[in-house]
Structure formats: C-alpha cells, structure tokens
*Asks:* 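Just passing along the structure, written as structure tokens.
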Amino acid sequence: MTDPSPVLRNGTGQDDGVASAGHRGAARSRPGERLAQWMFIVPAAAYLLLFFGYPILRNAVMSFQEYTTTTFYTGSAPFVGLRNYSEILSSDLFSKTAATTVLFTAGSIVGQFALGLAFALFFQRRFPLGGLLRSLLLLPWLLPLVVSGTTWKWMLDPDTGVVNAALRGLHLSSSGIPWLTGPSQALGSVILVNIWVGIPFNTAILYSGLRNIPAHLYEAAKLDGAGPVASFRHITWPLLRPQVGVVLVLGVVYTLKVLDIILVVTGGGPANATDTIATQAYALSFQQFEFGRGAALSNVLLVISLTSALVYLRAVQRARNV
C-alpha cells in the first residue's frame, strides 16, 4: 500500500525538508557566531592599538622632530629629519653606552641561562621539600625590580653593606670592594643583580621543558651504556632547544631594555660606567627633556632588540632544516 502522504527523502535517508531547514538554521547561526567572535577580538585589538600601537607610532614621529619642553607651550615641534639620529649615533657617549649594553646583556644572558639550566636539572630529581624550594626560587622574579634593586644596593654598599662586612669578617678583604663606586665593579654588580632577577624565569621555562622529555629515552640510553654527559648531549639538549630559544630570545629583549635595576643600584654611574642605551634614552627624555633625541635613541634600541630576535630565530630555523 502506498503512503498517502509521501515524503521525499535525500540520499542519506533524511527528509529533504528537515535537511534544508537545518542548512538554513546553520546559515543563520554563522553571522551570529562571527559577530560573537568579533566581539571578543575587537576589544583586544582596540587595546593593543591604543596602548601599544599609538605610542610606538607617536614615538617614531617624535624622533624626527625637535620636541622639547617649549613644545608644550608653543605647540610647535618642527621636523628636523634625521638630525636626532645622526647626533646620537655620532656622539662618543653612544659608543660607550652601546659597548656597556653589549657587556651587560651578554653577561646577564650567560649567567641567567647557565644557572637557570643548572637549577632546572637539579630540581628534575625528586627529593624532600623539592616543591617548596622551587616555589621559593620564584621570589626574586615576583618581587618588584625597585625593591630588588634597593635591597642589593644596601647589601653592596662599600661602607655599610653586608657583603663587605662578611668579607672583612672572613679576612678576605681589609678595606672591602668598591662594588658601586668602581667602574668595573659597578658594571659587574648590576650584571649580578640582573642575573639574580632572571634566574627564576630561566629555571621555570627550562624545567617545564625537561619534564616533557620522555623518561624511557634516558632508560634506553642507560641500557646502552650512555653516561650523564652523553645523555645530556644526545637527549636533553636536542629536545630542550625550543625552550632554550624562548629563554634566550626573551632574555635578550628583556635585558636590552633593563632600566629599573641600573637606575636604582648605580644610577648609570660612576662616570657612566653602567650607562646603557636604555638608561641614556631615559636620561635624554626625562632628565634633559630632549624628547626628540630620546625618542630616536629608544627607536634604535627597539631596532636592535628586533634584529637580535630575528637573527636568533633565523639561526634556529636553519639548524632545524639541516
């Protein structure tokens, strides 16, 4: 017997009417989904453009202007082309601050990475109170840099600091070491403080990478007679390269723009011995009120940071393709 109310069905056994209704419902829901997606994206994009994009653009424009304190009264900031860049790049102080920046960055990165990797390998082994010690290791990273710098300045004070007091008490130095007043010692002091601040970040990232390495690889290497050095060389280091890239790239970018620690501990002295590009840009803008030259120098620092990151990422990409 034939069905008195036949219903056309598609190839999947679904009613054509139901299928078409479903397609229409999906089509109607897509604009709503896209609107919801844009509602999440637009506020974040507006925030980035307002608080990051506009300052960078304004700083770039200011670097081509003669922007001083008189500009706030007259409203006039004449364009001077590349004069600000030529003046800062040709000055003797820039060459000195650039060399100091290189030494400060290299010393900080090497110290932070070496000690961070050592701590990460140490905490990879399970032992009592290991979790508590890992938590305490994060304290230098969580403290405000001004607090850390002030504490270290008090500790390294040549006359009343606890470091020199301990050296005198152990009869290792009769007069103490001029940690903050000697040019070479002052640079070493700010590098030491920056290493202390950066160790927790390196340890946390590298430790997470070590935890992701399968344990059976070490067991197989041990059965093959590989020692700790061989296991580190052939297993740990190759599999840890992504985390190594993260800590090195971010470490270079962060270290190049370090300002708080140097200003608090030494103020850029003595005799500009600890003056870096970042501190010099700050001095030009907020101490000498030469905002155009300060903006130009900060843009130079931005280009150096981006170039360093791109060079390292390119080298890592080439190493992966070999």
Side-chain angles (χ1 to χ4, degrees), residues 100-143 145 148 152 163 187-258 261 304-322:
T100 304
T101 303
V102 172
L103 293 175
F104 176 76
T105 304
S108 299
I109 295 301
V110 171
Q112 291 174 358
F113 179 77
L115 293 176
L117 180 59
F119 277 116
L121 292 172
F122 173 75
F123 285 118
Q124 191 180 17
R125 300 180 178 181
R126 295 183 178 180
F127 56 91
L129 301 179
L132 177 61
L133 292 178
R134 288 199 305 269
S135 302
L136 293 177
L137 189 64
L138 294 176
L139 287 179
W141 191 38
L142 299 177
L143 289 175
L145 294 179
S148 300
W152 275 99
V163 176
L187 180 58
S189 298
V190 292
I191 291 176
L192 173 64
V193 177
N194 195 53
I195 289 175
W196 181 81
V197 172
I199 286 175
F201 174 76
N202 285 258
T203 302
I205 300 298
L206 296 175
Y207 178 77
S208 65
L210 291 174
R211 296 289 293 176
N212 291 328
I213 299 177
H216 66 83
L217 296 178
Y218 294 104
E219 296 174 358
K222 188 175 182 179
L223 292 176
D224 291 338
V229 176
S231 297
F232 177 84
R233 179 182 177 183
H234 298 288
I235 299 176
T236 305
W237 184 254
L239 297 180
L240 200 61
R241 283 181 180 176
Q243 287 75 24
V244 171
V246 170
V247 296
L248 290 181
V249 171
L250 294 181
V252 169
V253 173
Y254 289 158
T255 305
L256 285 173
K257 65 180 185 65
V258 166
I261 292 175
I304 294 175
S305 301
L306 292 176
T307 302
S308 302
L310 291 176
V311 167
Y312 180 81
L313 293 176
R314 187 66 179 271
V316 171
Q317 187 65 29
R318 288 182 177 178
R320 290 179 178 177
N321 295 334
V322 173

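Treat the numbers as computed from the prediction; the structure is a model and nothing was measured. The analysis underlying the following values was restricted to heavy atoms, covering all of them including side chains, and did not include hydrogens, waters or symmetry mates. Numbering starts at 1 and runs along the sequence shown.
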*Asks:* Counting only N and O atoms by type, is there a donor-acceptor contact under 3.5 Å from the side chain of T105 to the main-chain atoms of V102?
*Replies:* no
*Asks:* R211 and R126: which non-hydrogen atoms are nearest, and at how many Å?
*Replies:* NH2-NH2, 4.3 Å
*Asks:* With a 6.0 Å cut-off (strictly less than), is the heavy-atom count around CZ of F232, excluding the residue itself, greater than 12?
*Replies:* yes
*Asks:* Where do V258 and L145 land on the side-chain contact (heavy atoms from CB on, under 4.5 Å) test, with the steps shown first?
*Replies:* CA-CA 10 Å; V258 166; L145 294 179; over 6 Å; no
*Asks:* Does any part of the side chain of N202, heavy atoms only, come nearer than 4.5 Å to the side chain of L115, both counted from C-beta?
*Replies:*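 No, too far: nothing below the 4.5 Å cut-off.
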*Asks:* If you define the side chain from C-beta out and look only at heavy atoms, does anything of T236 sit under 4.5 Å from Y218?
*Replies:* yes
*Asks:* To the nearest 0.5 Å, tell me how far N194 CG sits from S189 OG.
*Replies:* 12.5 Å
*Asks:* As an exercise, state the distance from CG of L250 to CD1 of I205, rounded to the nearest 0.5 Å.
*Replies:* 8.0 Å
*Asks:* What are the two closest heavy atoms between S108 and F104, and how far apart are they?
*Replies:* OG-O, 2.7 Å
*Asks:* When rounded to the nearest 0.5 angstrom, what distance separates CZ in F122 from CG in L137?
*Replies:*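 Answer rounded to 0.5 Å: 10.5 Å.
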*Asks:* For the pair W152 and W196, name the ring-plane relationship: parallel under 30°, tilted 30 to 60°, perpendicular over 60°.
*Replies:* perpendicular
*Asks:* Answer whether the closest heavy-atom distance between the side chains of V247 and I109 falls below 4.5 Å.
*Replies:* no
*Asks:* Would you name the heavy atoms of P140 and S148 that are closest together and state the gap between them?
*Replies:*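 Shortest heavy-atom contact: O-OG, 4.2 Å.
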*Asks:* Can you tell if the side chain of Q243 reaches within under 4.5 Å of the side chain of Y207, non-hydrogen atoms only?
*Replies:* no
*Asks:* Work out which heavy atom in I213 is nearest to a heavy atom in L217; give both atom names and the distance.
*Replies:*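 The answer is CG2-CD1, 4.5 Å.
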*Asks:* Give the minimum heavy-atom separation between G116 and L206, together with the two atoms involved.
*Replies:*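 Heavy-atom minimum between the residues: C-CD1, 4.0 Å.
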*Asks:* Within the structure provided, determine whether V197 and Q112 are in side-chain contact (heavy-atom separation under 4.5 Å).
*Replies:*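 The answer is no; the side chains never approach within 4.5 Å.
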*Asks:* Testing the basics here: between I304 and L256, what is the closest heavy-atom pair and its distance to 0.1 Å?
*Replies:* CG2-CD1, 4.1 Å
*Asks:* Going by the angle between their ring planes, with limits at 30° and 60°, are F113 and W237 parallel, tilted or perpendicular?
*Replies:*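 Because their plane-to-plane angle is over 60°, the rings of F113 and W237 count as perpendicular.
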